[in-house]
Amino acid sequence: MSTDLTLLVWAVALTLVQSVIAVLGAQMQVGLPALAGNRENLPPITGWADRAARAHRNMLENLVLFAALVLVAHVAGKANGVTILGSELFFWARLVYVPVFVIGIPWVRTGVWGVSVVGLVLIFVDLL
């Protein structure tokens, strides 16, 4: 399996881990019965648990873009050093993004997110 595809698989694993962290945070605040129910009138999740949920949603939004670009590069036979670099930038930045967002470090979070976007842009431009 190519480096790009391997990093895509790891990005999916990271997304799954983020969902577990977000659910555990919510469970600590509102309890399992509330989460297992239909979630009507659920109290707001706050603090680090809310940031974990937002980080997870952000990853889902970006994972779609990353997956599309990596799969197009693979299918088109255009995977190369640039797409690998883009994939590496995306994955490692997203891995750093999780604790930075959950801890709550605003400007660093934005910078790390920016690095992941640079990774996406590298792959995109290389496919043109």
Side-chain angles (χ1 to χ4, degrees):
M1 187 163 42
S2 71
T3 302
D4 306 56
L5 290 175
T6 300
L7 288 168
L8 176 56
V9 170
W10 280 109
V12 169
L14 176 59
T15 306
L16 179 60
V17 168
Q18 283 185 261
S19 71
V20 170
I21 292 168
V23 167
L24 289 174
Q27 180 182 342
M28 290 172 68
Q29 287 189 16
V30 300
L32 184 57
L35 292 177
N38 58 17
R39 297 186 180 196
E40 291 177 359
N41 301 315
L42 191 65
I45 307 301
T46 60
W48 75 266
D50 178 49
R51 290 190 300 274
R54 287 186 284 136
H56 178 250
R57 283 191 300 275
N58 185 272
M59 181 59 171
L60 288 171
E61 294 166 0
N62 285 273
L63 181 62
V64 172
L65 303 174
F66 180 59
L69 290 169
V70 167
L71 293 173
V72 167
H74 181 72
V75 169
K78 292 190 171 189
N80 58 36
V82 175
T83 62
I84 289 171
L85 176 60
S87 296
E88 289 172 337
L89 284 173
F90 176 84
F91 176 77
W92 293 110
R94 295 309 306 200
L95 187 64
V96 170
Y97 183 84
V98 177
V100 167
F101 198 160
V102 172
I103 291 168
I105 310 171
W107 289 101
V108 175
R109 181 197 77 219
T110 302
V112 172
W113 175 83
V115 171
S116 74
V117 171
V118 168
L120 294 174
V121 170
L122 279 175
I123 301 168
F124 179 80
V125 169
D126 197 59
L127 290 174
L128 296 179

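Remember, predicted model here, so these are calculated numbers, not experimental data.
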Distance in Å, [X] [atom1] paired with [Y] [atom2], rounded so as to fall on 0.5 Å steps:
X: Leu14; Y: Arg94; atom1: CG; atom2: CZ; value: 8.0 Å
X: Ile21; Y: Leu16; atom1: CD1; atom2: CG; value: 10.0 Å
X: Leu32; Y: Leu24; atom1: CG; atom2: CG; value: 10.0 Å
X: Thr3; Y: Asn80; atom1: OG1; atom2: CG; value: 11.5 Å
X: Leu35; Y: Ile45; atom1: CG; atom2: CD1; value: 6.5 Å
X: Leu122; Y: Leu69; atom1: CG; atom2: CG; value: 10.5 Å

Is there side-chain contact between [X] and [Y], with at least one heavy-atom pair below 4.5 Å?
X: Asp50; Y: Pro44; result: no
X: Val100; Y: Arg51; result: no
X: Val96; Y: Val108; result: no

Closest non-hydrogen atom pair, [X] against [Y]:
X: Ala93; Y: Val115; value: CB-CG1, 3.8 Å
X: Pro99; Y: Leu95; value: CD-O, 3.1 Å
X: Pro43; Y: Val30; value: CG-CG1, 3.5 Å
X: Asp4; Y: Ser87; value: OD2-OG, 3.5 Å
X: Ala49; Y: Ala26; value: CB-N, 4.0 Å

Keeping the roles fixed (side chain from Gln29, backbone from Thr46), state whether a donor-acceptor pair exists under 3.5 Å.
yes
If we ignore hydrogens and angles and just use 3.5 Å, is the side chain of Asn62 paired with the main-chain N or O of Leu65 as donor and acceptor?
no
Tell me whether [Y] is reachable from [X] by hopping between hydrophobic residues (I, L, V, M, F, W, Y) whose side-chain heavy atoms are closer than 4.5 Å.
X: Leu42; Y: Trp48; answer: no
X: Leu5; Y: Val9; answer: yes
X: Val102; Y: Leu63; answer: yes
X: Ile84; Y: Val12; answer: no
X: Ile123; Y: Met1; answer: yes

Under the ring-ring contact (aromatic ring centres under 6.0 Å, His included) definition, can you give me all pairs with a residue in residues 50-80, not counting sequence neighbours?
Phe66-Phe90
Pairs satisfying ring-ring contact (aromatic ring centres under 6.0 Å, His included), at least one member in residues 96-128, at least two apart:
Tyr97-Phe101
Report, as yes or no, whether the 6.0 Å neighbourhood of atom CG on Asn38 holds more than 12 heavy atoms from other residues, nucleotides or ligands.
yes
